[in-house]
Amino acid sequence: MERGQPAPYNHGMTTELGHFALILAFAVAIVQMIVPLIGAHKRWPGWMAVAEPAAGAQFVLTALSFGALTWAFVVSDFSLNVVVANSHSAKPMLYKISGTWGNHEGSMLLWVLIVTLFGAMAAWYGGGLPPTLRARVLAVQSAIAVAFFAFIIFTSNPFLRLEVPPFDGQDLNPLLQDPGLAFHPPFLYLGYVGLSMAFSFAVAALIEGRVDAAWGRWVRPWTLAAWIFLTIGIALGSWWAYYELGWGGFWFWDPVENASFMPWLLAAALLHSAIVVEKRESLKSWTILLAILAFGFSLIGTFIVRSGLLTSVHAFANDPERGVFILAIMAFFMGGALVLFTLRAGAMEAKGVFGLVSRESALVVNNLLLAVACFVVFVGTMWPLLAEMFFDRKLSVGPPFFNAAFTPFMVALGLILPVGSVLPWKRARISRAMWPLRYVFVLALAVGGLAFVMQTGRSMLGPMGLFLGAWLVSGTVVELMQRTGRGDNRLGRLRRLPRADWGKAVAHGGLGVTMAGIAGLTAWTVDDIRVAQIGQPFDVGSYTLTLTDVQELRGPNYLSTTGFVTLSKDGSEIAQMTPEKRFYPVAQMPTTEAAIDYNLLRDVYVVIGDQQDNGGWTVRTYIKPMTNWIWIGCALMALGGLLSLSDRRFRVAAGARKFSAVPAE
Amino acid sequence: MKRFALILMLLASPLAAVQPDEVLEDPVLEARARELSKGLRCLVCRNESIDESNASLARDLRILVRDRLLAGDTDAEAVAFIVDRYGEYVLLKPDNSGANWLLWGAGPLMLLLAGGAGVIYLRGRSKAAAPDDTPLSAEEQARLDDILKE
């Protein structure tokens, strides 16, 4: 078939099969929700055993259904309503595929696909779990799937067809036609939904009435995986905003962003408190509560994004059915889990005891700061709605509020982190634990002080950020070296440290890098707005820019006004930059494509605007120091999570039964 | 190609935030104006400040802020002037009047509450950690002796 031609309408079969598979998966999920639960209660092995094949079948069926929808987008089957509303035959293939989840219906199908994927993974790799716990985990996971299958089938069915298919589609929002954003939602969803596994484990443990070290070990990899995906998803979204929205902002404290950030904060808290459960058998009921709340915030996030309640009250009123449905799902799962929690949490007796100064206490403080920070974001996000409902005040809560109210918690977290992570378990002496950190502290002070002296102005933001960055990064280095002990061959021992230790160090270092990047960027950005005449150089900071030409060009599905800018410093050319203004005729939408010269120390960010009456062009230039540190730090955090996830003890736990016949290494 | 040019001309919508013709001559005043603009909401946008927004209403507000500063207003007066006309909805950072103390107090209050609960919990744990310090009672000592004798 030639490109640009609409597909002939003979794809009815795959679409109908996809629809059928979806309904079948719904039916399987209902069975899997009920039978294993009864089986576990009555101790009937046959009934419990239903869960495993059912979880597999559910996943395969949902995958078929999602595949059929993707296929409809690939071949541009305009008999499907969602395809017409979100695709176009001339769109590049990558965005046809990503269009599958670039809309409400498809994204919900992706959501439930991931729920079933995690369920299937727990069934396939959960061999080491006690049979009753496993049956209950899979039943709870399936209950979540049931709710979302029902949501899709009854309110958001992507397989609805049009009687008279139009000749072509209405195109995907051009802002979303971007590689960074194509993969942003799947990662976020993997994160949100990954937390459903922690939730299922928590609820199953409550039903079971038992939480022990082994439970902590099982729940941690799922939380870790969810947190890694959320980290990547959030970083991708923020990077996309940075280069696509045209003025280099990377975080807006938008409700939709907060919706993904709150579960991230709680997942971070949860994966730390699960360590305490695993190693010390303490903090059990708190960890259970966190697992419930973390998934609760994922649901709130879905609700906020899908109902449009917070972005505009009217969007919600336009489609109340969907919003109310998700609200009901949320009320059911949160309410049910919290009732169960109040009934059963008392039975979770703590075993481990520890002194006031200990690793355990440090992790409690970590949880406290993360949970309260999450609460601040939650109140800030909901406040416009609450104020309007209860106090009849129409107000906004924007970035300046969050920067003021949220940042102190993160600064406190950064300050205590290196100390907490060198404290020994059970009982510690603070002075002895902190002694090795004295050089680190001096180094960090020196870095911060140097930044203060070198900057113009007296702002503390940049120096504080660099101080924290240096404190965290060098703190983890000292901690790693400490773990190798004394004597010879410390480098060899460093290499053989457990992956979990490396993961911890890399992730904590990454947090420091991100903090330094955010502070540096926010404090030291230089911007310049002017009308540039073609051929006339102008200076911004220590750089010289020349707009050499402006051309009208044509892209695959857009028109472009492209500026050609030469960037030089001290007389030598550094880069040729091409900022663009694009127009997508099908969607009738303009976008800005900034030109960015990336560098580890700074980005030069150029945006072209309109032509002015005198023939010049509006050109906006930003020198943004340390920007890439933000995302490098996020990448390090994700990498640290992966290292920790690959630690031997999780692999052993996962495969315990499978390899039980094999003698120990 | 003609149609292409036409579309681009129709498209000459303001794609950028602060325009060069808005910028004040005095760099100090301009810096103040930029700072104030970052705290004022574009009324027709989704969660954008007037400093970032491309909307024409945002441009009007930016010019208004600059006019007030040129007229000699302090930062607070300029903001009050705008809030008087557009309501507190324009403030991206709400004040702490009335019920807003709940918003501003949420973090500190929760920290106190959670911190208190945390301290109680930690003390409980560390008390439980300490029983080995208390000497055995006579009865316990006798039982221990019995056990050791066997």
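Throughout, protein chains are lettered first and strands after them, A, B, ... in sequence-line order, and every chain is numbered starting at 1. The figures that follow rest on heavy atoms only: side chains count, while hydrogens, waters and symmetry mates do not.
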Closest-packed option against chain A by number of heavy-atom pairs under 4.5 Å, given [options]:
{"options": "B/Lys38, B/Glu48, B/Arg34", "result": "B/Arg34"}
{"options": "B/Leu92, B/Val23, B/Leu102", "result": "B/Leu92"}
{"options": "B/Leu113, B/Val119, B/Asn100, B/Leu91", "result": "B/Asn100"}

Next on the checklist: Return the CG to CG distance between B/Leu103 and A/Leu386, rounded to the nearest 0.5 Å.
Outcome noted: 9.5 Å
Item to check | Rounded distance (nearest 0.5 Å) linking atom OG of A/Ser361 with atom CG of B/Leu122 | outcome: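 Between A/Ser361 OG and B/Leu122 CG, I get 4.5 Å after rounding to 0.5 Å.
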Next on the checklist: Just so I know, are the side chains of A/Leu395 and B/Tyr89 near enough to count as touching, which here means a heavy-atom distance under 4.5 Å?
Outcome noted: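 No, side chains not in contact.
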Checklist entry - Side chains of B/Val90 and A/Ser396: closer than 4.5 Å at any heavy-atom pair? => result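 No - every pair of side-chain heavy atoms lies 4.5 Å or more apart.
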Compare every heavy atom of [Y] with every heavy atom of [X], then report the nearest pair and how far apart it is.
{"X": "A/Gln612", "Y": "B/Gln19", "result": "NE2-OE1, 4.3 Å"}
{"X": "A/Val372", "Y": "B/Gly107", "result": "CG1-O, 3.6 Å"}
{"X": "B/Ala114", "Y": "A/Leu368", "result": "O-CD1, 3.4 Å"}
{"X": "B/Ala106", "Y": "A/Phe375", "result": "O-CE2, 3.7 Å"}
{"X": "B/Tyr121", "Y": "A/Ser282", "result": "OH-CB, 3.8 Å"}
{"X": "B/Gly39", "Y": "A/Pro400", "result": "CA-CG, 4.2 Å"}

Next on the checklist: Pair B/Lys93, A/Asn403 - check side-chain contact (heavy atoms from CB on, under 4.5 Å), show working.
Outcome noted: CA-CA 10 Å; B/Lys93 185 179 183 173; A/Asn403 291 341; over 6 Å; no
Under 4.5 Å heavy-atom distance to chain B, tell me which part of [X] shows up: side chain, backbone, both or neither.
{"X": "A/Phe378", "value": "neither"}
{"X": "A/Ala373", "value": "neither"}
{"X": "A/Trp286", "value": "neither"}

Next on the checklist: Counting heavy-atom pairs under 4.5 Å with chain B, which one of A/Asp527, A/Leu283, A/Val376, A/Ile529 comes out on top?
Outcome noted: A/Ile529
Checklist entry - Can you tell which of A/Val607, A/Val365, A/Val364, A/Val397 has the highest number of heavy-atom pairs within less than 4.5 Å of chain B? => result A/Val397
Item to check | Residues B/Glu88 and A/Arg393 bridged, charged N to O under 4.0 Å | outcome: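 Salt bridge: yes.
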Checklist entry - Considering only heavy atoms, which portion of B/Asp95 lies under 4.5 Å from any heavy atom of chain A: side chain, backbone, both, or neither? => result side chain
Next on the checklist: Working note: A/Phe401 + B/Trp104, criterion ring-ring contact (aromatic ring centres under 6.0 Å, His included); need CA distance, chi angles, decisive distance, verdict.
Outcome noted: CA-CA 9 Å; A/Phe401 167 81; B/Trp104 283 100; 4.8 Å; yes
Checklist entry - Hey, is CG on A/Asp392 packed in by over 12 heavy atoms from elsewhere, all under 6.0 Å? => result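 Atom CG in A/Asp392 is not crowded, with 12 or fewer foreign heavy atoms closer than 6.0 Å.
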Item to check | CA sep, side-chain torsions, deciding dist, call: B/Met110, A/Cys374, side-chain contact (heavy atoms from CB on, under 4.5 Å) | outcome: CA-CA 11 Å; B/Met110 195 48 141; A/Cys374 173; over 6 Å; no
